[in-house]
Amino acid sequence: MASPRPMVDKKLALLLLKQLFPVADGKEAEIIRELTSYDDRNYHVRAHLANESESREFVFKVHHQKFSGSVEFLEAHTRLFERLSHASVQSPMPVTSREGTFYCLKELAHPLHSEPPRYAIRLLSYVPGVTLMHQGQPSDTLLRDVGHCVADIGICLESLKGTEAEAAIRKREFEWDITNVLVCERAVSCIPDVNVRGTVQTVLDRFRLELQPHLDNMPSGLIHGDLNGMNVIIDPDRPHCVHGVIDIGDTIYAPYVADLGICLAYMMQLFLETPAESVAPLVKGYCSRRPLSDFEKEVLPLCVMTRLSQTISFGYEAYSQDPGNEYLLQSVKPAVTVLPRLFAMSADEFQQLWH
């Protein structure tokens, strides 16, 4: 059984915050709310740190056990945070602990473990604003800026090529790694609709034949890997521009075009009637910063359908293990709507719409 999320409630989070990080003596710290997270335990907090003139907002993060066990991986994430501070948009930055480190390792009791597991804990700066998902259907101008953002992140992370941080990320085994999509074949049988099941299997077969043999020769590097509507932050006063990007937990080493495909797969789910047509400004924004080669243009639709197939397969697999938990199907349902529409399109149609 997969290891569950850390058991850290608001009271314990506040205690650990004060114990591990330099909250000023005699100053209040408060939990504002718990933030939605799939693996980690995250709290939006306000605290007054020592040597600062006023309180600020932060994210108190307790990493999932699977991320906490590798110091090499944690150090790599610290390098990612530092590098993304040079990107064109805001991103969280780690705060130094009382021990002078960018994360702390702490044993915390868990009812499913006889010995207390060790968890990595960080305090990150808070990126204010609203998520793109909560703002509503994005304008063409905003989509174009999302495209800028996807390209800029890849360009920003190029400076980590050949580093220990990149090597640590490349060692990670991650089922949502788009270059490792064939692992989700185990879950295809969980898809209840025979037509959707057949479409997903065909997409995986196409990946095996058309994309997998070329992965080593494609322009590649560290990518964000999860630029969905919940990880893109918008300033309500400037609703047509990306203000920030959060959650680097899915960062992988992959072809750069894969990050564009992943982002498109999520943004299309905001336009169920005309998914491919509606996201054209995003593609054009990306290409204005990082032009695609002819081969990248050719495989981009397959990258999009690959991420949609992962979403559908893993979503239904999780639901089969927890029947009746409709929350697990929230992301699956729009993906099931979008995938057949894309699958029915020709290469010429994609070319005309996007390039």
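Hydrogens, waters and symmetry mates are skipped; everything else that's a heavy atom, side chains included, is used.
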Is the backbone N or O of Glu277 less than 3.5 Å from a side-chain atom of Thr274, with the two atoms forming a donor-acceptor pair by type? no

Parallel, tilted or perpendicular for Phe73 and Phe67, by the 30°/60° rule? parallel

Using the rule given for side chain to side chain contact (heavy atoms under 4.5 Å, CB included), can you reason through Leu282 versus Cys263, listing the C-alpha separation, both sets of side-chain angles and the distance that settles it, and then say yes or no? CA-CA 9 Å; Leu282 197 159; Cys263 185; 4.0 Å; yes

Exam field: side chain Ser125 to backbone Met93, donor-acceptor pair closer than 3.5 Å: yes

Any donor-acceptor N/O pair, Tyr256 side chain to Ser220 backbone, under 3.5 Å: yes

For Glu115, look at atom CD and say whether over 12 heavy atoms of other residues, nucleotides or ligands are found less than 6.0 Å away. no

Output, in order, the C-alpha distance, side-chain angles, deciding distance and verdict of side chain to side chain contact (heavy atoms under 4.5 Å, CB included) for Val242 and Ile233. CA-CA 6 Å; Val242 176; Ile233 306 299; over 6 Å; no

Output for pair (Thr311 OG1, Gln269 CD), nearest 0.5 Å, gives 6.0 Å

Just do the side chain to side chain contact (heavy atoms under 4.5 Å, CB included) check on Leu300 and Leu264 with the steps written out, would you? CA-CA 9 Å; Leu300 178 57; Leu264 287 171; 4.0 Å; yes

Which is it for Val304 and Ile262 under the side chain to side chain contact (heavy atoms under 4.5 Å, CB included) test, yes or no, and what are the steps along the way? CA-CA 6 Å; Val304 178; Ile262 291 167; over 6 Å; no

Linking I/L/V/M/F/W/Y whenever their side-chain heavy atoms sit closer than 4.5 Å, directly or via other members, would Ile312 and Leu329 fall into one cluster? yes

Is Leu84 reachable from Tyr103 through a run of I, L, V, M, F, W or Y residues, each pair having side-chain heavy atoms under 4.5 Å apart? no

Going only through I, L, V, M, F, W and Y residues with side-chain contacts under 4.5 Å, is there a path from Leu160 to Leu74? no

So Lys66 and Glu173, salt bridge (Lys or Arg N to Asp or Glu O under 4.0 Å) or not? Walk me through it. CA-CA 11 Å; Lys66 64 184 178 182; Glu173 294 184 3; over 6 Å; no

Short N-O contact, Arg186 and Glu175, less than 4.0 angstrom: yes

Under the rule for ring pair (Phe, Tyr, Trp, His ring centres under 6.0 Å), what residues qualify as partners of Tyr126, not counting sequence neighbours? His44

Evaluate the side chain to side chain donor-acceptor pair (under 3.5 Å) criterion for residues Gln351 and Glu298: first the C-alpha distance (whole Å), next the side-chain angles of each, then the deciding distance (0.1 Å), finally the verdict. CA-CA 8 Å; Gln351 180 70 24; Glu298 179 184 333; over 6 Å; no

Between Ile178 and Ala258 the two heavy atoms that sit nearest each other are CG2-CB, 3.7 Å

Pairwise distance OG(Ser53) to NE2(His48) - rounded to 0.5 angstrom: 6.5 Å

Salt-bridge present (Glu158, Lys161; N to O < 4.0 Å): no

So Asp40 and Asn42, side chain to side chain donor-acceptor pair (under 3.5 Å) or not? Walk me through it. CA-CA 6 Å; Asp40 303 333; Asn42 296 325; 4.9 Å; no

Met7 and Ala109 have their tightest heavy-atom pair at CB-O, 4.3 Å

For residues 292-343, the ring-ring contact (aromatic ring centres under 6.0 Å, His included) pairs (sequence neighbours left out) are Trp176-Phe314, His214-Phe295

If you take all heavy atoms of Leu342 and Pro275, which pair is closest and at what distance? CD2-CG, 4.4 Å

Among Arg290, Arg289, Arg83, exactly one meets salt bridge (charged side-chain N to carboxylate O under 4.0 Å, His left out) together with Asp152. Which residue is that? Arg289

Glu349 (side chain) donor-acceptor with Ser346 (main chain) under 3.5 angstrom: yes

Measuring from Leu80:CG to Ile248:CD1, what's the distance to the nearest 0.5 Å? 4.5 Å

To the nearest 0.5 angstrom, please state how far the CZ atom of Arg41 sits from the CG atom of Leu108. 11.5 Å

Ser313 (side chain) donor-acceptor with Gln310 (main chain) under 3.5 angstrom: no

Between Glu57 and Arg46, is the closest basic N to carboxylate O distance under 4.0 Å? yes

Steps toward side chain to side chain donor-acceptor pair (under 3.5 Å) verdict (His63, Ser68): CA-CA 6 Å; His63 284 281; Ser68 300; 5.7 Å; no

Glu30, CD atom: more than 12 neighbouring heavy atoms under 6.0 Å: yes

Would you mind reporting whether Leu292 and Leu260 have side-chain heavy atoms less than 4.5 Å apart? yes

Please give me the minimum heavy-atom distance between Ser159 and Thr163, naming the atom from each residue. O-CG2, 4.2 Å

Evaluate the side chain to side chain donor-acceptor pair (under 3.5 Å) criterion for residues Tyr266 and Arg307: first the C-alpha distance (whole Å), next the side-chain angles of each, then the deciding distance (0.1 Å), finally the verdict. CA-CA 9 Å; Tyr266 290 120; Arg307 174 42 59 101; 3.0 Å; yes

Residue pair Gly229 / Thr131: nearest heavy atoms and the distance that separates them: O-CB, 3.4 Å

Using a strict cut-off of less than 4.0 Å between a Lys/Arg side-chain nitrogen and an Asp/Glu carboxylate oxygen, indicate whether Glu166 and Arg79 qualify as a salt bridge. no

Do the side chains of Glu52 and Lys27 get close enough for a salt bridge, i.e. N-O under 4.0 angstrom? no

Sub-3.5 Å donor-acceptor pair from the side chain of Gln137 to the main-chain atoms of Leu270, do we have one? yes

Using 0.5 Å steps for rounding, measure from the CZ atom of Phe21 to the CZ atom of Arg122. 9.0 Å

Between Phe271 and Pro138, is there a side-chain heavy-atom distance shorter than 4.5 Å? yes

Hydrophobic cluster membership, with links at side-chain heavy-atom distances under 4.5 Å among I/L/V/M/F/W/Y: are Phe81 and Leu123 in one? no

Hydrophobic clusters here meaning ILVMFWY residues chained together by side-chain heavy-atom distances under 4.5 Å, can you tell me if Leu12 and Phe58 are in one? yes

Distance-only, no hydrogens or angles: does the Ser331 side chain make a donor-acceptor pair with backbone N or O of Leu328 under 3.5 Å? no

Donor-acceptor contact present, side-chain Arg98 to main-chain Val23, <3.5 Å: yes

Distance from Met267 atom CE to Asn228 atom CG, nearest 0.5 Å? 7.0 Å

Given side chains that start at C-beta, do those of Thr251 and Arg172 come closer than 4.5 Å, heavy atoms only? no

Would you call Arg238-Asp235 a salt bridge at under 4.0 Å N-O? no

Are side-chain N/O atoms of Asp348 and Gln352 paired as donor and acceptor at under 3.5 Å? no

Exercise: identify the closest heavy-atom pair between Gly285 and His148: O-CD2, 3.1 Å

Asp322 side chain to Asn325 main-chain N or O, any donor-acceptor pair under 3.5 Å? no

So Ile252 and Leu222, do their side chains get closer than 4.5 Å, heavy atoms only? no

Within the distance-only criterion (no hydrogens, no angle test), does the side chain of Glu296 pair as donor or acceptor with the backbone N or O of Ser293 below 3.5 angstrom? yes

